[in-house]
Structures are given as structure tokens and as C-alpha cells.
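The next block holds one structure in the form of C-alpha cells; read it before the comments.
Sequence lines set the chain letters: A, B, ... in the order given, protein chains first and strands last, and positions in each chain run from 1. Hydrogens, waters and symmetry mates play no part in the numbers below; they use all other heavy atoms, side chains included.
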2 protein chains.
Amino acid sequence: MIDARLITLRVFARCGTIGATAELTGYSPSAVSAQLRELQRVLGMQLLTKDGRGLRLTATGRFLVAGTDPLIAQWESLRAAAMEAGDQVQSHFGLGGFSSAAAQLLAPLAATLRSTHPLLEVQVLEADPARCFDLLIAERIDLAVIVAMQSDTYGEDDPRFEQRVLLDDPLDVIIPGDHPLASRQTATLEELASEPWITAAAGSTYHTLFTAAFTAVGVTPRIAHEAVEWETHIAFVGAGLGVGLLPRLAPLNGAENVVRLRITGKAKPTRRIVAAVRRGSIASPLIQESLGILQVNANRILTNRLGEDL
Amino acid sequence: MIDARLITLRVFARCGTIGATAELTGYSPSAVSAQLRELQRVLGMQLLTKDGRGLRLTATGRFLVAGTDPLIAQWESLRAAAMEAGDQVQSHFGLGGFSSAAAQLLAPLAATLRSTHPLLEVQVLEADPARCFDLLIAERIDLAVIVAMQSDTYGEDDPRFEQRVLLDDPLDVIIPGDHPLASRQTATLEELASEPWITAAAGSTYHTLFTAAFTAVGVTPRIAHEAVEWETHIAFVGAGLGVGLLPRLAPLNGAENVVRLRITGKAKPTRRIVAAVRRGSIASPLIQESLGILQVNANRILTNRLGEDL
DNA sequence: TCAATCATGCACCTATTCTGCACGGTTATC
DNA sequence: GATAACCGTGCAGAATAGGTGCATGATTGA
């Protein structure tokens with residue numbers, strides 16, 4: 001209900017180029033360019049300046065964008081309160097999340113919502129946490145399930161979002177089936193310190209998590225291989241290349257020659273999974289309902305997997 | 001920058017029918033109908049209900065409209081702050097006011113703005129105070145000059161507006177040139193209590209002012225004639241039909257056989273002339289400048305007229 | 001019963017707005 | 001210093017949202 005061009009400006013403020021803004025919002029670059037030009041004309045403000053081969057927000061532009069944060073939060077809040085007060089039904093609902101969340105949490109949520117609200121048009125987008133925040137700003141999605149992270153761009157207390165902890169997803173260790181410890185049910189990181197480890201590329205969210213887990217117990221793992229997808233991690237382990245960490249939410253899918261062990265000891269690494277919404281919108285009945293469903297599903301999946309795999 | 005359909009809804013909330021909303025916003029009735037229908041679809045809320053041959057806001061609708069007041073005030077405030085911070089120029093500026101204000105205050109203001117801001121598109125609309133408030137809500141105008149009044153629909157402290165007193169326009173008395181008191185420069189209301197009075201129709205803003213002036217001194221005037229325009233008042237007086245009150249801002253235009261006297265005594269009736277803007281927008285540089293110009297002009301006109309007529 | 005008032009649907013049209021492509025300017029790379 | 005990559009913008013054409021005007025049905029008051 002806030003003018004679409006203002007939303008576009010906010011997205012631009014986030015990513016800095018017309019092209020990226022176009023990609024995020026779903027417009028073409030020309031459309032974004034035209035929208036921002038039109039916005040400046042209507043408001044009578046110069047919001048952008050040429051900067052090399054790109055554009056840069058002017059002081060006025062930054063000021064305006066900063067000011068829209070509470071404005072949008074207030075609209076979301078109003079909208080949510082009206083929905084609640086009037087017992088109304090939403091027509092569209094966008095969800096976002098990273099791969100294991102999308103599979104384990106968002107898919108059941110979407111299915112549940114689809115059956116309880118037949119008229120509701122539910123859309124799920126798989127995207128990594130940073131992009132989820134972008135999509136929330138761009139109003140492409142209304143709720144995101146992500147791994148908590150304090151990135152350089154989005155902090156935990158960003159005024160544009162509200163976050164609710166869904167669960168702390170413990171990291172298990174996965175080792176080859178023929179490993180000496182394979183018959184055990186638990187292990188400590190110290191026991192595995194000398195193993196060749198599989199992790200993700202430096203700089204990724206998971207890599208940060210990985211190193212944090214080991215610094216907590218004061219050992220330095222030997223990093224042997226890198227993988228992006230959990231599937232690849234598991235395959236590497238199955239091939240005997242090394243051992244790795246795997247969030248309990250990520251399923252083994254009956255992989256050959258791979259055993260999942262709980263981590264015990266003083267360091268029990270977890271990744272915190274949170275739901276994020278635009279600030280103000282959290283009171284919306286649909287979002288409240290979704291958070292409830294997510295919570296239930298998260299708990300159930302967690303305990304189930306505990307029984308299956310260990 | 002708030003969606004036009006929300007503005008339309010606000011106007012509807014004010015006036016209650018599609019037709020009146022269309023007239024105020026400048027759309028056609030079908031367009032208003034379509035806009036409101038679309039708004040309900042997008043928000044997924046039922047905002048209106050059939051009520052006889054008309055429409056009525058639902059509870060949700062009223063809730064939503066009430067909630068938009070602070071939202072719009074915040075946007076106006078943000079916009080004003082950005083304009084101020086960035087030293088930017090507005091492209092359109094709408095003014096509204098009742099007839100004598102339009103002639104005496106708004107016309108010079110528009111002229112000044114036109115010369116100091118050549119690129120600014122200034123539009124002046126003559127409208128009575130109540131309609132000026134409506135036009136402010138409909139965002140057809142940005143600043144209104146009106147006679148202060150506490151109507152049943154708009155109070156002094158309406159959360160949608162901010163008001164600044166420009167001047168207290170004293171009411172003079174006008175009497176025929178051949179009246180016994182015509183050679184005097186001042187008169188009291190008591191002296192003229194027994195005269196046949198000319199006033200406006202009951203229910204009008206001016207009539208309220210008129211009776212208030214006399215109740216303040218405890219006399220009941222004999223109402224002989226009614227007139228709407230000041231021109232007509234003056235003509236009636238000139239024709240010897242009676243005496244009347246005339247704000248000092250309203251010019252005699254060299255009418256024949258009419259004399260203007262200052263009112264003295266314990267009751268010095270005035271009408272308070274105020275400038276009204278949408279809440280939040282008062283910090284806008286253009287509005288600040290306009291208020292300054294209005295103030296200067298008001299004072300000058302007031303003192304000038306004092307010298308000319310008395 | 002008739003007229004007035006009001007909202008709405010429909011056909012048509014206008015004007016906004018988006019797309020796709022080509023172009024000019026800027027930066028990085030070799 | 002040439003070349004390639006990247007970025008924003010302008011333009012023609014197309015799609016579409018959104019507007020108007022009129023006819024219609026429903027409701028109320030005379």
C-alpha cells in the first residue's frame with residue numbers, strides 16, 4: 001500500500017545497482033530506471049547521483065530511505081491489526097527459506113496453509129538467508145525461515161525486521177560407516193579433531209558456524225575438502241574422504257556408508273533457525289498461525305529424526 | 001506516496017457516498033467504485049457493506065481508516081524533513097481558501113511563489129472551510145486558509161491537520177452613508193442593537209460568528225435580511241435596508257453610500273483566520289515559506305485597510 | 001406510483017508502465 | 001593502451017491497469 005516506487009527505492013538502497021534491483025523486484029532494468037526517475041520527479045527530490053558507471057544515493061535519498069523504515073513498519077502493523085480485528089482472509093502469502101528449511105519446514109507449512117485456507121495463494125521461494133531479507137524488503141515474500149546470522153548487512157536487531165527463534169538445530173557429526181567410531185552413538189569434537197574435515201568455502205554462513213564450533217572447544221580441525229550442498233557433504237563422507245558436520249534438520253536420506261553421531265561434550269554446536277518477517281507484520285493472523293505451525297513442525301521433525309538416525 | 005486507493009477510502013470515510021467521493025477526488029463514480037473494490041481485493045479485507053441504496057464502512061474499514069491518520073502524518077513528516085534536509089524543490093503546490101482569503105491572501109501568495117519558484121506549479125482553489133479540509137484529505141491541496149471553526153466534522157485538534165493562526169480579522173460594522181452615525185469612526189454594537197441587521201442564513205459559518213458577537217454583549221439583534229456574498233451585504237446596506245458586519249479583510253470596493261466603522265466597546269468581534277495543512281507537512285520548506293508570506297501579507301493588508309477605510 | 005438517489009457493471013478508450021534491445025559511458029583486465 | 005565487461009538509459013512497441021460515460025438495478029422518499 002506504500003507506493004511501489006518507494007519499495008523499489010528501498011531495494012536499490014540495499015543492493016546499489018539497477019540491475020540487481022531489477023532482479024530482486026522482478027522488473028526489468030529499464031522499468032526500475034524509469035520508476036526511480038519518476039519517483040524523483042513526483043517528489044521533487046534528487047535521490048540518485050551518477051557514480052562511475054553506477055548510481056549512488058544522495059544524502060536526501062539515504063535520509064528518505066531511512067525514514068521509510070518506520071513508515072512501512074507502521075503500515076504492516078496497521079494491516080496486521082486490521083486483519084486481526086476484522087477476521088479477514090489474505091489472498092497471497094509469500095514464503096522464503098534456505099534449502100533444508102524449505103524442504104523440512106516450509107513445504108509442510110505451505111501444505112497445511114493450502115488445506116486450511118483454500119483461497120490463499122501460497123508461494124514458496126528457496127533462497128539463502130541474505131536473499132531472504134532482500135526479498136522481504138522487496139515485498140516478494142512475507143515470511144522467511146533462515147539460519148540466524150549477524151551478517152555485515154543485516155543485524156539481529158535490524159529495524160526493518162522482526163525475528164522469532166524457531167529452534168536451535170543441533171549439528172551432528174557424520175562419519176563413514178567403516179570408521180572406528182561408527183558403532184558409537186555419540187562423539188566429541190575433540191575425539192575427531194585429527195580427522196580430515198569437510199566444510200564449506202570460507203566466507204559462507206556455514207563455514208562461520210563450522211569454525212565457531214571448533215574454536216569453542218579450542219581445537220583446530222584439519223580441513224580436507226569443501227562442499228556446498230549437504231548432499232555433497234554426505235557423499236564425500238560416504239566415500240571415506242573425511243568427516244563433517246550436518247544439521248539435524250538435514251536428512252541423510254538413507255545414504256550408504258554414512259553414520260550420524262550426536263555431538264557430546266562441553267561444546268554442542270547448533271545453528272539457530274529463526275523466522276523473520278517485516279517489522280509490524282508479526283501480529284497478522286496468518287503470520288501468527290504460520291509461526292505456530294512452524295514451531296510444531298520444527299519440534300516434531302527434531303524429535304523424530306533423533307529416533308530414526310541414532 | 002501512500003497508495004491512491006487508500007486516499008480515496010479516506011475521502012469516502014469522510015463523505016460517505018461514492019458520488020461525493022468522486023466529486024472531491026476528481027474521479028468518476030465508477031472509478032471510485034472500482035478503486036475501492038480493488039483495494040478490498042488487494043488487502044483481502046471487506047471494508048464496505050451495502051446499506052440501503054448506499055455504502056457503509058465496516059468495522060474493519062473504520063479501523064483501517066483511523067489507522068491511516070498517523071501513517072499519512074508520518075509520511076508527510078518524512079517528506080517534509082527530506083525536502084528540508086536536501087534543499088529540494090517541490091513541483092506542485094495546491095492552495096485552498098474561502099473567497100475573501102483567496103482574494104486577499106492566497107492570490108498574493110501564489111504570485112509571490114510563482115516569481116520566487118518559477119518551476120513550481122501553483123494551483124489555487126476557492127472553497128469554503130469545510131470543503132478545504134476535505135480537499136486536504138483528498139490531497140488535492142496542500143495548504144488552506146480558512147476561518148477557524150469548530151464544525152461537527154472537523155475540530156481544532158483533528159489528528160489529520162495542523163493549524164496556525166494567521167490573524168484575527170476584526171469585524172467592522174457597515175452602515176448606510178446617510179445614517180446618523182455615518183460621520184463617526186467607531187460604534188458599539190449596543191448603539192446599533194435596534195437597527196435592522198443583515199446576516200447570512202442560519203447554519204452558515206458566518207451566522208454563527210454573527211450571533212456569537214451579539215450574545216457576547218447581551219443584545220439580540222433584529223435580523224431583517226439575509227445575504228450570502230459580502231457584495232450583497234454591502235449592496236443591501238448601500239440601499240439603506242439595514243446595517244451589517246463586515247470583516248476587515250473584505251474590501252468595500254468603493255461602494256456607494258456605505259460607511260465602515262470600527263467596533264468599540266467590550267465586545268470586539270473577530271473571526272480567526274488560520275492556515276491548515278496535513279499533519280506532518282508543516283515542516284516542509286515550501287509550507288514554512290508560505291506561512292511566512294501569508295503572515296506578512298495578512299499584517300500588511302490589515303494595517304493598510306485600517307488607514308484607508310476609517 | 002413515480003421520481004430521485006446511489007452503486008455497479010460493461011464497453012470502450014486513454015495513458016501509464018513494462019519489456020527488449022541498442023547505445024554511450026566507465027571500469028577493470030590483459 | 002586496447003579490449004572486454006558492466007552499468008544505466010533512451011526508444012519503439014506492447015501489454016495492461018485504470019479511467020470515462022452510459023445503462024441498469026436497487027432503494028428510498030414524495
Quiz item: Should the ring pair A:Trp230 and A:His233 be called parallel, tilted or perpendicular, given that the plane angle runs from 0 to 90° and is split at 30 and 60?
Solution: tilted
Quiz item: Would you say D:dG10 has OP1 or OP2 under 4.0 Å from some side-chain N or O of A:Arg37?
Solution: yes
Practice problem: Check the surroundings of atom CD in A:Glu38: do more than 12 heavy atoms from other residues, nucleotides or ligands lie under 6.0 Å from it? | Solution: yes
Exercise. Would you tell me whether B:Glu289 and B:His117 have side-chain atoms, one donor and one acceptor, within less than 3.5 Å of each other?
Key: yes
Quiz item: Any idea which of D:dT20, C:dC18, D:dG8 is nearest the B:Ala31 side chain?
Solution: D:dT20
Quiz item: Hey, is the side chain of A:Ser30 pairing donor to acceptor with the base of D:dG10 inside 3.5 Å?
Solution: yes
Exercise. Rounded to the nearest angstrom, tell me the gap between atom CZ in A:Phe12 and atom C1' in D:dC7.
Key: 11 Å
Quiz prompt | Interatomic distance, B:Glu23 CD vs C:dT5 P [rounded to whole Å] | solution = 15 Å
Practice problem: Whole angstrom is fine here: how far is it from CG in B:Leu36 over to P in C:dC6? | Solution: 16 Å
Quiz item: Closest to the A:Leu55 side chain: D:dT27, C:dC18, D:dG8?
Solution: D:dG8
Quiz item: What about B:Ser33, does its side chain sit under 3.5 Å from the base of C:dG9 through a donor-acceptor pair?
Solution: no
Exercise. Determine the contact category for A:Ser28: base if any of its heavy atoms lies under 4.0 Å from a base atom, sugar-phosphate if only primed atoms, P, OP1 or OP2 are that close, otherwise nothing.
Key: base
Quiz item: Considering only C:dT19, D:dT27, C:dA28, which nucleotide approaches the side chain of B:Arg53 most closely?
Solution: D:dT27
Exercise. Starting at atom CG of A:Asp51, determine the distance to atom P of D:dT9, rounded to an integer number of angstrom.
Key: 12 Å
Self-check item: Rounded distance in Å - CG (B:Asp3) to P (D:dG18)
Solution: 8 Å
Quiz prompt | Full working for side-chain hydrogen bond (donor to acceptor under 3.5 Å, both in side chains) between B:Thr68 and B:Arg10 | solution = CA-CA 8 Å; B:Thr68 54; B:Arg10 281 165 59 83; 3.0 Å; yes
Exercise. May I ask you to evaluate whether A:Gln35 reaches the phosphate of C:dT16, defined as a side-chain N or O under 4.0 Å from OP1 or OP2?
Key: no
Quiz item: Nearest of D:dG8, D:dG19, C:dC6 to any side-chain atom of B:Tyr27?
Solution: D:dG19
